[in-house]
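From a predicted model like this one, the values you see are computed outputs, not experimental measurements. Values below: every heavy atom of this structure, side chains too, minus hydrogens, waters and symmetry copies.
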Amino acid sequence: MSDFEMQMLYHGAPTLYGIKQANLFSLPLPRLQNLKDEVANYQKQLEKKEISLQYLYCCEKRVFFLVYRKEALLEYFSDPKVKDFLVKTGYPQTVDQESSLMNTLAFLRQRIQKCNEFPHEIGFFLGYPSSDVFAFIDEKGQNYKLCGYWKVYGDEKAAVATFQQYTNCRKKLLKQASKGIPILSLLEAKLTLQEVL
């Protein structure tokens with residue numbers, strides 16, 4: 001398994017498997033030149049499985065990738081509160097239409113580059129509960145109840161169950177990949193949900 005595959009699987013397993021809408025992962029920037037063919041191959045192959053993979057942005061030392069499911073992102077962005085927040089922040093008016101998703105992601109890229117950090121609305125893109133994202137913004141990242149894959153302000157019990165699903169999914173897919181099963185074959189085999197959870 002290549003470094004790229006390892007990072008994509010480790011950080012993106014829930015999205016690859018279909019229980020999360022998006023994940024971020026990164027690699028050292030100097031490796032990007034050697035990865036271009038591998039990334040292009042995965043972009044083509046994953047697209048057949050309705051999974052998108054794209055460069056999100058580069059900073060001084062790392063290149064960040066976003067692996068996501070378009071339909072899940074579009075559904076999330078159809079929430080009126082989320083859509084209203086994004087539009088007020090400057091995102092395109094039609095964040096909930098597939099034709100504008102690329103523009104929405106391009107605007108996110110610009111926001112990251114201007115801020116030199118991830119803007120707080122990244123949680124919407126990654127599928128965190130919108131109530132937790134709004135609370136995180138209001139509380140400036142403080143006063144949370146629980147910290148796991150995201151900072152939880154609302155339903156701790158549901159968050160713990162979701163965290164466990166993500167962890168189990170990652171472990172199961174990494175275990176299968178360590179046996180030499182290619183990632184694309186793992187996705188094709190589509191392990192039963194019970195196997196992962």
Novice: Honestly curious: do W150 and Y153 fall in one hydrophobic cluster under the side-chain, below-4.5 Å linking rule?
Specialist: no

Novice: Angle class for the F163/Y149 ring planes (parallel below 30°, perpendicular above 60°, tilted otherwise)?
Specialist: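 Rings of F163 and Y149: tilted, 30 to 60°.
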
Novice: Only counting residues at least two apart or in another chain, list the ones meeting side chain to side chain donor-acceptor pair (under 3.5 Å) with S26.
Specialist: R62

Novice: Going through the checks in order, is the side chain to side chain contact (heavy atoms under 4.5 Å, CB included) test met by L29 and K61?
Specialist: CA-CA 5 Å; L29 187 56; K61 296 181 180 179; 5.7 Å; no

Novice: Does the pair F64 and F25 meet the rule for a ring pair (Phe, Tyr, Trp, His ring centres under 6.0 Å), with working shown?
Specialist: CA-CA 6 Å; F64 287 79; F25 65 99; 9.3 Å; no

Novice: Quick check: does any side chain N or O of Q21 sit under 3.5 Å from a backbone N or O of R69, one acting as donor and the other as acceptor?
Specialist: no

Novice: Residues two or more places apart in sequence or in another chain: which of them pass ring pair (Phe, Tyr, Trp, His ring centres under 6.0 Å) with H120?
Specialist: F136

Novice: Under the side chain to side chain donor-acceptor pair (under 3.5 Å) test, which residues partner Q110, sequence neighbours left out?
Specialist: none

Novice: Mark yes when over 12 heavy atoms from residues, nucleotides or ligands other than Y10 sit less than 6.0 Å from its OH; otherwise mark no.
Specialist: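 Result for OH/Y10: open.
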
Novice: Identify, with sequence neighbours excluded, every residue that meets side chain to side chain donor-acceptor pair (under 3.5 Å) alongside E38.
Specialist: S2

Novice: Who are the side chain to side chain contact (heavy atoms under 4.5 Å, CB included) partners of D155, not counting sequence neighbours?
Specialist: K157, A158

Novice: Taking the side chain from K70 and the backbone from S52, do they hold a donor-acceptor pair closer than 3.5 Å?
Specialist: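 Side chain of K70 to backbone of S52: no pair is present.
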
Novice: With R31, which residues qualify under salt bridge (charged side-chain N to carboxylate O under 4.0 Å, His left out), at least two apart?
Specialist: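 Result, salt bridge (charged side-chain N to carboxylate O under 4.0 Å, His left out) vs R31: D3.
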
Novice: State whether the number of non-hydrogen atoms from other residues, nucleotides or ligands found under 6.0 Å of Q54 atom CD is greater than 12.
Specialist: yes

Novice: Side chain of K145, backbone of G154: donor and acceptor closer than 3.5 Å?
Specialist: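 Checking the backbone N and O of G154 against the side chain of K145, a donor-acceptor pair under 3.5 Å is found.
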
Novice: Going by ring pair (Phe, Tyr, Trp, His ring centres under 6.0 Å), name the residues that satisfy it together with Y42, two or more places apart in sequence or in a different chain.
Specialist: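 Y42: ring pair (Phe, Tyr, Trp, His ring centres under 6.0 Å) contacts with F4.
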
Novice: Please name all residues satisfying ring pair (Phe, Tyr, Trp, His ring centres under 6.0 Å) with F124, sequence neighbours left out, ordered by chain then number.
Specialist: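 Ring pair (Phe, Tyr, Trp, His ring centres under 6.0 Å) list for F124, sorted by chain: F85, F134.
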
Novice: Of all residues at least two apart in sequence or in a different chain, which pass the ring pair (Phe, Tyr, Trp, His ring centres under 6.0 Å) check with F107?
Specialist: Y91

Novice: Who are the salt bridge (charged side-chain N to carboxylate O under 4.0 Å, His left out) partners of E156, not counting sequence neighbours?
Specialist: none

Novice: Could I get the full list of salt bridge (charged side-chain N to carboxylate O under 4.0 Å, His left out) partners for D84, not counting sequence neighbours?
Specialist: K88

Novice: Identify, with sequence neighbours excluded, every residue that meets side chain to side chain donor-acceptor pair (under 3.5 Å) alongside N143.
Specialist: E139

